[in-house]
Structures are given as structure tokens and as C-alpha cells.
There are 2 protein chains.
Amino acid sequence: MPVTDEAIDKIKGMIISGELAPGDRLPKEADLAQHLGLSRSSLREAVKALCLIRVLDVRQGDGTYVTSLEPKLLLDAMTFVVDFHRDDTVLDFLAVRRILEPAATAMAATNMTEEDIAELAKLLEGLEESPTVESLVANDLEFHRRIALGTGNPVLCSLIDSLSGPTTRARIWRGLTQEGAVAKTREQHRAIYDAIAAREPELARSWATVHISGVEQWLRNALGEHGENS
Amino acid sequence: MPVTDEAIDKIKGMIISGELAPGDRLPKEADLAQHLGLSRSSLREAVKALCLIRVLDVRQGDGTYVTSLEPKLLLDAMTFVVDFHRDDTVLDFLAVRRILEPAATAMAATNMTEEDIAELAKLLEGLEESPTVESLVANDLEFHRRIALGTGNPVLCSLIDSLSGPTTRARIWRGLTQEGAVAKTREQHRAIYDAIAAREPELARSWATVHISGVEQWLRNALGEHGENS
DNA sequence: ACACTGCAAACCTCGGATGTTTCCTCTAGA
DNA sequence: TCTAGAGGAAACATCCGAGGTTTGCAGTGT
């Protein structure tokens, strides 16, 4: 195994074992390199890799720190990974969302505070009559994001967030708007909101299922007539 | 933004835009470095980072290649991330599994082939009477893994795989075995299998829910009496 | 008490040199 | 002719050392 990979494992080990706690500062590059028995160059490669997945945070002129290691932060890194997937796996991702989002919406109906719900309402009303594609995407994303937040489970929230990444959703919306399905989406969002506001988890779950399934259905058709794969 | 991060984005862009397809070989370090306008050292840091998340695959003496970018490969990288989470978020992860696994089990009851089911049976029978902790963990992991595979959705499968990472599960089992709950777990596995073999998705879903909830319940108690946090 | 200056620490980037591994070709022998 | 082995070229792995840039902090003057 390359020394760099070894270094990655060792740093990982130091963090997991507790030798390095969240927020701790690592020894300076030169010292840590000597301690791990490799050159600064190689160590930097290891640090950079751990940086990409948000485990480490380097600040020029200051030092290298272990991040908070919160689920949100770490799962956020998954967005980066999801971006790489091609169109032919979009349906698979959507199928996962079809499992997660209804469950999350039901949880949100139970766990959201009144303030959260009020903000959700504001979000729905904040959308103008003929919105641009950008504001539509942003509004849709934020709506589902608030619900995910409302579950009270940061892991679930981050996971949904990643899966609904801007890329995937943007692609979906770009087509959806052309079909004029905006109104229906807005109605369904409203229905989901009403169910949450009424504290009806099962109703909320059902509307969420309807919502996601509609998108899935449309996407399946769009992909079917567009690409001829499989 | 540091030049290395820029390089990461550029390489990512080249892949997403299709300029670099899965399996393609990148230009050699020196050339790519010049093309991107940075030094080899900095480029190597970028490559190493993309390597950690399985987007690139470097082979000494050969070259650097874009991986297949399959969901399994990319989501696998998430296992690395999940390893960093501390005990206080285990319940949150388990809550997500409680959503995903029942749904997956139901899907498996519909989609698994007869061969898959036969192998699942073999797996259950293959466990000796008084297994070691290691074989127990391995068997349990493989059982749920086969079911996840049986959904036919690689994204869902990899996701479940990552969340049920060895670390988390090992910790859970270590305690479970001490309580003598092995028999009950085995019964539930058997019940899940029977439901799948009978092609009863809803029954399979219910048993999976029962199974996961049992683990969750036990874990909640164990954490409650052990740690005094929150 | 506040603001500015200066310095030191730490990371950032670069370029080159040397070691290792892999792949491919060429050759010698069967 | 086919095959096995030797050799070399290509590409990555690792290291080292030299500046450059940013940040945090202490010291200083008002």
C-alpha cells in the first residue's frame, strides 16, 4: 500500500480512536510527516483527500483542524459524489427518494415545530405566479429541505439533501417546466404542507408518495421516449 | 481558491461533461499539470482526493484512469465517511435503516430470483449452532446484503451497505451477543426469508420492520444505561 | 482602550531528482 | 512458427528544498 494511503488510514485511526477530537489542531505538516514517517508532499496528498470529504479543514496561515464531524458536514460530501452519476441511474436515485421522502414527510408532520410550519407556509407563498426556472428549482429544493430538517434526524436530512442534489433536480425541472406541470407540483406541495400543518403523518406520507411518484412517472416517460437504452 | 481545488473541479468537470468517459485514461501527470496550469505536486493532491472517493484509479507504472463510476463504487466511498461517526449518531443512522430496509425487503420479495432465494436459504443454514462473533457478524451482514442486492436497485443496495457498515454493526453485535439475543435474531432472519420465499412483500416488510426495531430498541436501552449524555 | 505595525508560524506552490512498477517489444530458443 | 524471457520505455511514487502567501498575535503608539 502506498505510503499516502497509509497516512490516510493512520490519520483516520487517530480520529476514530479519539486521539484527535473534533476541532483539534493537527501537528504542523513537517512534524506530522516525520511522525508518520513520510515526506511532506505525500502527507499533503493525504490531507487533501481527507479535506475533500470534510474530515479535515486546512486554514492557510493557521493550521489544519479536524472538523466537527457532524453528519451534515460529512454527508454533504456525498453531494460531490452524486454529481458524477449519469442519467441512466437517475431513476435508481429517485427510487430511493421515493422511499425516504414519504417517511421523512410523515416524521416531519409529527416533529416540526409550529415555527417551522409557519416558515414552510411562507416559502410556498413566496413563489411568484410565473417564476423563473431558477427560482422554481430553489423553491422546490428548499421546500423539501425544510421538511427533511423537520424530521429531527440530521443523518436523514443530509442524505435526502444529497440525493436531491441540484444537478439531478435541475435536469428534472428543466424538462418539467416545458410540460407545464408546474401547477400540479405546486398543488401537491400545498397538500403536503396542509397535511403537515394538520399533524397528519399518514396523510403527509401519502401526498409525498404521490408527489414523488408523479415525478418518477414523468421522468420514466421522458427517458423512455428520449433515450433508447434498455 | 487554491489551485489544487481548482484542479479537482476541472477534472470533475471534464468527467461530467463527457470529455473524460468511464474507463478513459488521463494524460500523464506532467502533461495534465501543464494543461491545467499547475505543478505536478499540486495536481497529485487533486488526483489523490478524487482517488479516495473512487472517481479516479491510479495504477503505478501504467496511468491514471476514470473508474466505471458505477453507483456501487461511488457509494462505497461513503463507507469511509460513515466510519467517522461517533456513537451518539448511531441511532440516527439506525433510524434511516429502519426506513430503507423494510422497503428494500419488500422490493426483494418481488424482485429476487429463485436462485437468489435459494442462496439466501443456504446462508441461513450455513450458520453453525454456536457461532463466533465474527461469523455472526459476517452472516448477518451478508444476509441483509443479499436482500439489498435483491431489490435490483444498485443505488439502494450500496446505500444500505454503507449505512450498515462493519463498524456500526460490529459495535451493535458485540453487545447483542452478550445479552443472548442471538436466537431471536436468527428467528427473525428466518421469518424474513420465509416471507420473501413466499413472495409476500408486505409480510417481508413487516418482519424487516420488527427486526430493525428490535435492534433499535436494544440499542436505545444499551446507550441509555451506559452513557449519561443527553 | 483602541488601532496600527511587524513578525513569526503555518500552509501553498513549485521544480527537479530518484526509485518502482507496469506494459510492451524484441529476441533467442524450442 | 510459437513461446518464454530479457530489456527498455513510460508512468506513477516519493522525497527534498526553496520561495511565496495568509493568518494570528504581540508589541507599540496614540
Side-chain angles (χ1 to χ4, degrees), chain A residues 1-15 19-69 73 77 80 84, chain B residues 1-15 19-69 73-74 77 80:
Chain A
M1 175 159 34
V3 293
T4 300
D5 293 357
E6 245 175 72
I8 292 178
D9 275 344
K10 283 182 183 170
I11 296 176
K12 176 183 177 182
M14 285 194 282
I15 293 175
E19 183 179 343
L20 285 174
D24 277 5
R25 190 169 120 175
L26 273 67
K28 65 180 176 194
E29 285 181 348
D31 290 351
L32 186 56
Q34 186 175 18
H35 178 63
L36 296 180
L38 40 60
S39 71
R40 265 189 65 227
S41 315
S42 301
L43 173 63
R44 279 184 57 79
E45 291 177 19
V47 169
K48 196 68 185 180
L50 289 173
C51 222
L52 183 67
I53 61 173
R54 315 287 192 94
V55 167
L56 295 182
D57 177 29
V58 288
R59 306 176 209 162
Q60 186 178 32
D62 187 356
T64 304
Y65 297 81
V66 179
T67 68
S68 63
L69 297 181
L73 203 62
F80 191 91
F84 281 96
Chain B
M1 177 159 39
V3 293
T4 300
D5 293 357
E6 245 175 73
I8 292 178
D9 276 344
K10 283 182 184 170
I11 296 175
K12 176 182 178 182
M14 285 195 282
I15 293 175
E19 185 179 343
L20 286 174
D24 277 4
R25 189 169 121 176
L26 273 67
K28 66 179 176 195
E29 285 181 347
D31 290 350
L32 186 56
Q34 186 176 17
H35 178 63
L36 296 180
L38 39 60
S39 70
R40 261 191 67 229
S41 316
S42 301
L43 174 62
R44 278 183 58 78
E45 291 177 20
V47 169
K48 197 67 186 183
L50 290 172
C51 220
L52 182 67
I53 60 173
R54 314 287 192 93
V55 167
L56 296 182
D57 177 28
V58 285
R59 306 176 210 162
Q60 186 177 16
D62 187 356
T64 304
Y65 297 81
V66 179
T67 68
S68 62
L69 297 181
L73 202 63
L74 297 194
F80 191 92

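Values in this document were obtained by computation on a predicted structure and should not be read as measured data. Numbered from 1 within each chain, the chains take letters A, B, ... in sequence-line order.
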(message) When you measure from the side chain of B/Asp9 to the backbone of B/Glu6, do you find a donor-acceptor pair of N or O atoms at a distance under 3.5 Å?
(response) no
(request) Rounded to the nearest 0.5 Å, what's the gap from CG on B/Leu20 to OG1 on B/Thr64? Could you check? (result) 11.0 Å
(request) Can you tell me the distance, in whole Å, between the CD1 atom of A/Ile8 and the P atom of D/dA13? (result) 12 Å
(request) Measure the distance from CD on B/Glu45 to P on D/dC12 and round it to the nearest whole Å. (result) 16 Å
(request) Considering just the side-chain nitrogens and oxygens of A/Ser42, establish if one lies under 4.0 Å of OP1 or OP2 belonging to D/dC15. (result) yes
(request) Choose from D/dT14, D/dG20, C/dT13 the nucleotide whose nearest atom is closest to any side-chain atom of A/Thr4. (result) D/dT14
(request) For the side chain of B/Pro2, starting at C-beta, report the closest nucleotide among D/dT14, C/dC11, C/dT13. (result) C/dT13
(request) For B/Asp57 and D/dA13, give me the distance from atom CG to atom P, rounded to whole Å. (result) 10 Å
(message) Without decimals, in angstroms, what is the distance between A/Gln60 CD and D/dG20 C1'?
(response) 9 Å
(message) When you measure from the side chain of A/Thr67 to the backbone of A/Leu56, do you find a donor-acceptor pair of N or O atoms at a distance under 3.5 Å?
(response) no
(message) Can you tell me how far apart CD (A/Glu45) and SG (A/Cys51) are? Round to the nearest 0.5 Å.
(response) 14.0 Å
(message) Counting only side-chain heavy atoms from C-beta out, which of D/dC15, C/dC12, D/dA13 sits nearest to B/Arg44?
(response) D/dA13
(message) Looking at C/dC11, I'd like to know if its phosphate oxygens (OP1 or OP2) sit under 4.0 Å from a side-chain N or O belonging to A/Thr64.
(response) yes
(message) For A/Leu43 and A/Asp62, find the nucleotide of DNA chain D closest to each by heavy atoms; which residue's nucleotide sits nearer the 5' end?
(response) A/Leu43
(request) Would you kindly compare A/Arg59 and A/Asp5 by the position of their nearest DNA chain D nucleotide and give the one closer to the 5′ end? (result) A/Asp5
(request) Run through A/Asp31, A/Asp57, A/Asp62 and flag the one making a salt bridge (Lys or Arg N to Asp or Glu O under 4.0 Å) with A/Arg25. (result) A/Asp62
(message) Nearest 0.5 angstrom please: B/Glu19 CD to B/Ile11 CD1, how far?
(response) 11.0 Å
(request) Name every residue in residues 25-40 of chain A that has at least one heavy atom under 4.0 Å from any atom of DNA chain D, in order of residue number, or write none if there are no such residues. (result) A/Leu38, A/Ser39, A/Arg40
(message) Suppose we screen for side chain to side chain donor-acceptor pair (under 3.5 Å). Which residues come up paired with A/Arg40, at least two apart in sequence or across chains?
(response) A/Glu29
(message) What is the separation between atom CE on B/Met1 and atom P on D/dT22, rounded to the nearest whole Å?
(response) 15 Å
